[in-house]
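So that the names make sense, note that chain A is the first sequence line, chain B the second, and so on, each numbered from 1. Side chains are part of it too, since the values below use all heavy atoms of this structure and drop only hydrogens, waters and symmetry mates.
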There are 2 protein chains.
Amino acid sequence: MVTLEDIALKAGVSHSTVSRALADSPLVNPSTKERIQNLAREAGYQVNQVARNLKTRSTKTIGLVVPEVSNPFYPELIQRVADHAKLAGYSLQLHLSAADQESESDCIASLSANRADGVLLVTGERGLVARSQVNALTASGTPVVIMGWVEDSDHLDLVAGDDSAGGRELASHLADLGHTRIAVLGKAPHRGAFDRLVGFGDVLRERGIPLPPAMSIEVKNEEDVRLGVTRLLALPDPPTAIFAYQDSLAAVVYRQLEEAGVSIPSEMTVVGFDDLDLATYLSPRLTTVGAHISPLASAFVSLLVARIQGTHPEPAPQSIIVTPKLIVRASSAPPRTRGFASAGI
Amino acid sequence: MVTLEDIALKAGVSHSTVSRALADSPLVNPSTKERIQNLAREAGYQVNQVARNLKTRSTKTIGLVVPEVSNPFYPELIQRVADHAKLAGYSLQLHLSAADQESESDCIASLSANRADGVLLVTGERGLVARSQVNALTASGTPVVIMGWVEDSDHLDLVAGDDSAGGRELASHLADLGHTRIAVLGKAPHRGAFDRLVGFGDVLRERGIPLPPAMSIEVKNEEDVRLGVTRLLALPDPPTAIFAYQDSLAAVVYRQLEEAGVSIPSEMTVVGFDDLDLATYLSPRLTTVGAHISPLASAFVSLLVARIQGTHPEPAPQSIIVTPKLIVRASSAPPRTRGFASAGI
DNA sequence: ACCTGCTTTGCACACGATTGCAGAGATACT
DNA sequence: AGTATCTCTGCAATCGTGTGCAAAGCAGGT
């Protein structure tokens, strides 16, 4: 690898002059500057960022920690974050924090060792696992911004969707359509974690729609979803609508309903949450609720960059809450009435 | 940030001793070693990788260049590559090379400046764009391994699926089922690029199945797919099977067929290519062809690591070709016979 | 001729780690 | 006691850049 010194020898100057010439400093004579720049280009000089980072004590790099990439929500987010970070002059260092990968703490340790200028941390289902490491990192001067649900977010910079509001939107939509027997498929509920379920439940209560235990099913994996749907269909009074708390789960519900010969939306309404690209691939296209990912990513990056550069007007931790919107597609419709159902076909 | 020198002061030794103690060197007295390690832990010492990388002239980092992440094939690949890289002791630096992002050349320049130990480059539809930069990088001692189609791969380390064989498998499957009117949806065909289409076409020819121009449709985006499907259905002799050259396109075909009231597979067989997770989300589940991504990623990383460490037995560029397998699911069936079709319903 | 000011360049140190080499003590052996 | 050996520690150089400071060279004004 060719260094500043190599160019300096060729040009008959000192490495300082070469450094300044390549930085286009006004301190160096225009003619020699051009000569040096040409020489560097011909020699295929590539600055050694490692050395530069050491000297300038900044890497122009932000770490992005994401639980996984098999759920399509995350790739979409990564793409947007990459766009915005590049725009701000930062490059990205991606780490996956899922169980079989590095744990969240390891990711943070690695980013800290590599002296990332800042860290964007997206929490998974378990919330913020590495809270103490995050605090330590912040204390040592590296800003961290969290995205997603966190148990106690008082002392953190945070960007999150308003899951509770989204849940309320969906429940209202179903109630407006006239559904009164509604089932919910949720994942092992960490205390307070799944606000979308809470918001959903609140509206049902307000509207006087019951949610008996048999209609509220915890699912941990695809198999659970299959069993759950089967059990719902076998009830004496089966639901007319199913809320899957993630679009990716709704996809599994679709499959199971299809195998059972139940058509969507005429015999069963299905709604999801997140508004992934997936939602429009499914047929019928899925009614769901979600925020546009791009503005979310933009807020995420902007806040971090402002923290890094110390330009944020408000020194106290910020919480940016984005309200998701209801997107009505083809998977939701009014319930078939009893009489009509038995008379049907 | 606390440095070796800080710990050295606290311990009353020189920074050399601290460095050796933390590296668990046998050159330092066991008792002082332990004392230093404790001190470092209490002080929250985090090695400065930037400095270490400069000194050791190695970053234990490999660059991964991927066209985009909205096509679900890539996230799956990223995940696997991350797994295998971590296993080999390397961390990942991800770059997106799609048009609106950094171009391939910029990605390589950045990785070169950051002194990545090696580069994994996944080509997109346009093949290897930054060939000269790749050659320069290889020449300067940083190994590069390519994944995907490349026009002239003689002097490159390469891992690729055998698209031609995959195309043949699919065509044979359709022919075996008895289809004789088969349509193909492909993307703007760069010369030699889409071997999957070539292999598919070869088998049709061998079996004496015609592929008239009206049945071979170029598509550039979703809208093209919609139009194409509509046009196919309007033909006097519409096809009984459609081959979409990517699973993600097959998903769009599904949607359009559904809107047209054509049921899969009873009225139309649809097959894809890649075997994404998506293929099993669709209903009916998609018949497709693909290689398991994990072994592909493993070969990809292993080859690069062997090159980095100079342990590969064969110094000449290697081509590793993986043969994909046919996965028959629920979207393919024998064609309805003419007579039966008109008598049907 | 001398002073002042401006442009341009080089010297030398710093960033934070690793590591070869020398040397200080301690121990063992003749 | 003297010497060889072994264990442990510190000195100092190094990786490749960036940059404050000094100084050289030159022009212009008195």
Item checked: Sequence neighbours excluded - salt bridge (charged side-chain N to carboxylate O under 4.0 Å, His left out) pairs with any residue from residues 139-150 of chain B -> none
Checklist line | More than 12 heavy atoms of other groups within 6.0 Å of A:Arg80 CZ | finding: no
Notebook entry, point to check: Relative to the 5' end of DNA chain C, which residue comes earlier, B:Leu4 or A:Thr32, by the nucleotide with the nearest heavy atom?
Noted result: A:Thr32
Notebook entry, point to check: What residue pairs, at least two apart or across chains, pass salt bridge (charged side-chain N to carboxylate O under 4.0 Å, His left out) with a residue in residues 307-320 of chain B?
Noted result: B:Asp157-B:Arg307
Notebook entry, point to check: Just checking B:Thr3: base, sugar-phosphate only, or nothing, at a heavy-atom cut-off of under 4.0 Å?
Noted result: sugar-phosphate
If you look only at distance, which donor and acceptor atoms sit under 3.5 Å apart when one is on a side chain in residues 8-24 of chain B and the other is two or more places apart or in another chain?
{"residue": "B:Ser14", "atom": "OG", "partner": "B:Ser16", "partner atom": "N", "Å": "3.4"}
{"residue": "B:Asp24", "atom": "OD1", "partner": "B:Lys33", "partner atom": "NZ", "Å": "3.2"}

Next item on the list: Name all residues meeting the side chain to side chain contact (heavy atoms under 4.5 Å, CB included) criterion together with A:Thr138; count only those two or more places apart in sequence or in a different chain, and write none if there are none.
Entry: A:Val134, A:Val144
Item checked: Distance in angstrom units between B:Leu27 CG and C:dT19 P, rounded -> 11 Å
Margin query: Quick check: do A:Tyr45 and A:Val47 have side-chain heavy atoms less than 4.5 Å from each other?
Written below: yes
Margin query: Taking side chain to side chain contact (heavy atoms under 4.5 Å, CB included) as the definition, give me every residue that meets it alongside A:Ala136, ordered by chain and number, with sequence neighbours left out.
Written below: none
Next item on the list: Let me know, please, whether B:Arg115 or B:Pro30 comes out on the 5' side of the other along DNA chain D by nearest nucleotide.
Entry: B:Pro30
Item checked: side-chain contact (heavy atoms from CB on, under 4.5 Å) between B:Gln46 and A:Ser140, worked out -> CA-CA 11 Å; B:Gln46 261 290 352; A:Ser140 77; over 6 Å; no
Sub-3.5 Å pairs of nitrogen or oxygen atoms, protein against nucleotides 22-24 of chain C:
none

Margin query: I'd like to know whether CD of A:Gln309 has more than 12 heavy-atom contacts from other residues, nucleotides or ligands below 6.0 angstrom.
Written below: yes
Next item on the list: Walking along DNA chain D from 5' to 3', note the first and the last nucleotide with an atom under 4.0 Å from a heavy atom of chain A, and give both.
Entry: D:dG16 to D:dG20
Next item on the list: Could you tell me whether a side-chain N or O of A:Asp117 sits under 3.5 Å from a main-chain N or O of A:Ser58, the two making a donor and an acceptor?
Entry: no
Note to self: Using the rule side-chain contact (heavy atoms from CB on, under 4.5 Å), only one of B:Asp152, B:Leu156, B:Val150 pairs with B:Asp154; which is it?
What the structure shows: B:Asp152
Notebook entry, point to check: Do B:Leu158 and B:Gln318 come within less than 4.5 Å of each other through their side chains, counting heavy atoms only?
Noted result: no
At a cut-off of 3.5 Å, list every protein nitrogen or oxygen paired with a nitrogen or oxygen from nucleotides 10-12 of chain C, distance to 0.1 Å.
{"residue": "C:dG10", "atom": "OP2", "partner": "A:Ser14", "partner atom": "N", "Å": "3.0"}
{"residue": "C:dG10", "atom": "OP2", "partner": "A:Ser14", "partner atom": "OG", "Å": "3.3"}
{"residue": "C:dG10", "atom": "OP2", "partner": "A:Thr17", "partner atom": "OG1", "Å": "2.6"}
{"residue": "C:dG10", "atom": "N7", "partner": "A:Arg20", "partner atom": "NH2", "Å": "3.1"}
{"residue": "C:dG10", "atom": "O6", "partner": "A:Arg20", "partner atom": "NH2", "Å": "2.8"}
{"residue": "C:dC11", "atom": "N4", "partner": "A:Ser16", "partner atom": "OG", "Å": "2.9"}
{"residue": "C:dA12", "atom": "N6", "partner": "A:Ser16", "partner atom": "OG", "Å": "3.3"}

Next item on the list: Have a look at the helix from C:dA1-D:dT30 to C:dT30-D:dA1 and give the angle its two end axes make, five pairs each, rounded to 10 degrees.
Entry: 70°
In a table with atom names and distances, give each donor-acceptor pair under 3.5 Å that connects a side chain of residues 291-299 of chain A to protein atoms at least two apart or in another chain.
none

Notebook entry, point to check: For DNA chain D, what residues of residues 41-60 of chain B have any heavy atom nearer than 4.0 Å?
Noted result: B:Leu54, B:Lys55, B:Arg57
Next item on the list: Would you indicate whether the side-chain heavy atoms of B:Thr3 and B:Asn48 approach each other to under 4.5 Å?
Entry: no
Check: Applying salt bridge (charged side-chain N to carboxylate O under 4.0 Å, His left out), which residue pairs with at least one partner in residues 40-69 of chain B are found, sequence neighbours left out?
Finding: none
